[in-house]
There are 2 protein chains.
Amino acid sequence: MVDIPEGYGPDDELDPEAADPLYLQLAAVLISRIANGTYPMGRAVPGVDRLMQEFGIARGTARKTLVLLAEMGHVRTVVGKGSFVIERETGEPPASGSDVTVD
Amino acid sequence: MVDIPEGYGPDDELDPEAADPLYLQLAAVLISRIANGTYPMGRAVPGVDRLMQEFGIARGTARKTLVLLAEMGHVRTVVGKGSFVIERETGEPPASGSDVTVD
DNA sequence: CCTTATTTGTTCGTATGTATT
DNA sequence: CAATACATACGAACAAATAAG
């Protein structure tokens with residue numbers, strides 16, 4: 001199991017000095033943004049390359065976070081496409097039309 | 001130089017309590033499997049991540065073993081591809097043309 | 001069909017910090 | 001203090017799936 005640290009808001013920058021490892025800090029930020037609606041259901045969260053650029057982290061760290069989010073059920077990752085939000089914490093129902101079909 | 005400990009067969013699990021360090025125990029197991037034919041010539045031995053999973057060890061330890069095997073001439077490691085068996089202990093001669101270039 | 005670009009997946013190489021023995 | 005081992009993080013290269021043309 002994993003404990004997502006608290007205290008990392010959607011706009012937080014990561015702190016390499018903090019006790020929490022970067023990939024957990026980043027997971028907290030992304031989960032916050034998903035709950036936020038910044039990344040709506042069915043849409044993709046930033047991919048590995050974008051996370052590297054926007055947070056100034058290495059590829060392995062960014063990927064580790066996305067793998068963790070997938071394991072936690074927040075996103076579903078599709079090779080060659082991206083990681084798509086499959087859960088929302090805003091209370092809004094999934095409406096209809098999630099054109100995500102993989103298996 | 002290194003002394004590969006004996007008594008660690010191809011199916012052995014590693015023993016953190018043993019006198020021999022884990023990376024030497026693991027080297028013994030892999031060398032045994034190479035001699036065995038479990039990892040045939042030209043094919044890759046398990047990489048760092050696989051060794052971590054299968055033997056429950058840390059990255060540094062797994063890598064240390066692969067570096068040792070490469071130094072001993074059992075495998076040739078290629079970045080982004082894997083560590084490939086370049087010797088067999090089954091009695092078959094190396095034929096000719098071992099394109100192994102180590103420094 | 002093939003080429004190119006994008007994106008995720010995999011693997012090795014290296015470094016740092018911490019803990020244990 | 002040195003050796004071993006673990007966790008984290010950065011970097012580089014290669015591989016495979018996808019999409020667009």
Side-chain angles (χ1 to χ4, degrees), chain A residues 1-5 8 13-30 39 43-71 74-86 99-103, chain B residues 1-5 8 13-28 30 39 43-71 74-86 102-103:
Chain A
M1 271 299 295
V2 206
D3 285 316
I4 302 298
Y8 298 95
E13 294 182 359
L14 307 186
D15 180 10
E17 308 291 291
D20 305 301
L22 290 179
Y23 76 93
L24 287 185
Q25 292 181 43
L26 179 54
V29 171
L30 296 187
Y39 307 136
R43 307 309 299 264
V45 302
V48 176
D49 289 333
R50 293 240 193 267
L51 293 177
M52 287 173 65
Q53 294 167 9
E54 295 180 14
F55 290 92
I57 57 178
R59 180 176 195 77
T61 308
R63 196 179 152 277
K64 200 166 186 174
T65 298
L66 291 178
V67 169
L68 176 59
L69 289 195
E71 286 173 351
H74 289 292
V75 302
R76 176 178 33 171
T77 297
V78 183
V79 181
K81 298 199 65 175
S83 295
F84 300 89
V85 177
I86 57 181
D99 53 345
V100 191
T101 41
V102 187
D103 270 80
Chain B
M1 271 300 297
V2 209
D3 285 316
I4 302 299
Y8 298 96
E13 294 182 359
L14 306 187
D15 180 9
E17 309 292 293
D20 304 302
L22 290 177
Y23 75 94
L24 288 185
Q25 293 181 42
L26 178 55
L30 296 187
Y39 307 137
R43 307 309 298 263
V45 302
V48 175
D49 289 334
R50 293 244 191 265
L51 293 177
M52 288 172 63
Q53 293 168 10
E54 294 178 16
F55 290 91
I57 57 179
R59 179 176 196 77
T61 307
R63 200 184 147 273
K64 203 165 184 173
T65 298
L66 292 179
V67 169
L68 177 59
L69 288 195
E71 285 173 351
H74 288 293
V75 301
R76 175 181 37 170
T77 298
V78 183
V79 180
K81 299 201 66 174
S83 294
F84 300 90
V85 178
I86 57 181
V102 189
D103 25 345

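Keep in mind that what you see is a predicted model, and the values were worked out from it rather than measured. Order of the sequence lines fixes the chain letters, A, B, ..., with proteins taken first and strands second; residue numbering starts at 1 for each chain.
Under the side chain to side chain contact (heavy atoms under 4.5 Å, CB included) criterion, A/Arg50 pairs with A/Pro46, A/Glu54, not counting sequence neighbours. By the side-chain hydrogen bond (donor to acceptor under 3.5 Å, both in side chains) test, B/Thr77 pairs with B/Ser83, sequence neighbours left out. Partners of A/Val79 according to the side chain to side chain contact (heavy atoms under 4.5 Å, CB included) rule, which considers only residues two or more places apart in sequence or in another chain, do not exist here. Contacts of A/Arg59 classified as salt bridge (Lys or Arg N to Asp or Glu O under 4.0 Å), with partners at least two apart in sequence or in another chain: A/Asp49. The side chain to side chain contact (heavy atoms under 4.5 Å, CB included) test applied to A/Ala18 returns A/Tyr8, A/Asp15, A/Gln25, not counting sequence neighbours.
With a 4.5 Å cut-off on side-chain heavy atoms, A/Leu22 and A/Phe55 do not count as touching.
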Protein N or O to nucleotides 1-3 of chain C N or O, pairs below 3.5 Å:
none

Check nucleotides 16-18 of chain C for protein N or O atoms closer than 3.5 Å to its own N or O atoms and list the pairs.
none

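Taking atom CZ of residue A/Arg50 and atom P of nucleotide C/dT8, one finds them 10 Å apart after rounding to whole Å. Protein atom CZ of B/Arg63 is 13 Å distant from nucleotide atom C1' of D/dA12, rounded to whole Å. Distance, B/Leu51 CG to C/dT11 C1': 12 Å, rounded to whole Å. The separation between B/Leu66 atom CG and C/dT10 atom P is 18 Å, rounded to whole Å. Atom CZ in A/Phe84 sits roughly 11 Å away from atom C1' in C/dT8 (whole-Å rounding).
For B/Tyr39 against B/Val85, the heavy-atom pair with the smallest separation is O-CG2, 3.6 Å. Residues A/Ala28 and A/Pro5 come closest through the heavy atom pair CB-O, 3.4 Å.
In this model, the phosphate group of D/dA19 is approached by a side-chain N or O of A/Lys81 to a distance below 4.0 Å at OP1 or OP2.
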Seminar exercise, completed: Under a 4.0 Å heavy-atom criterion, the protein footprint on nucleotides 2-9 of chain D, written with B, S and -, is --SSB-SB

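The distance from atom CG of A/Leu51 to atom CG of A/Leu14, rounded to the nearest 0.5 Å, is 9.5 Å.
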Tell me which donor-acceptor pairs under 3.5 Å the side chains of residues 62-69 of chain A have, and how far apart each pair is, sequence neighbours excluded?
unit_1  : atom_1 : unit_2  : atom_2 : d
A/Thr65 : OG1    : A/Tyr23 : O      : 3.1
A/Thr65 : OG1    : A/Thr61 : O      : 3.2

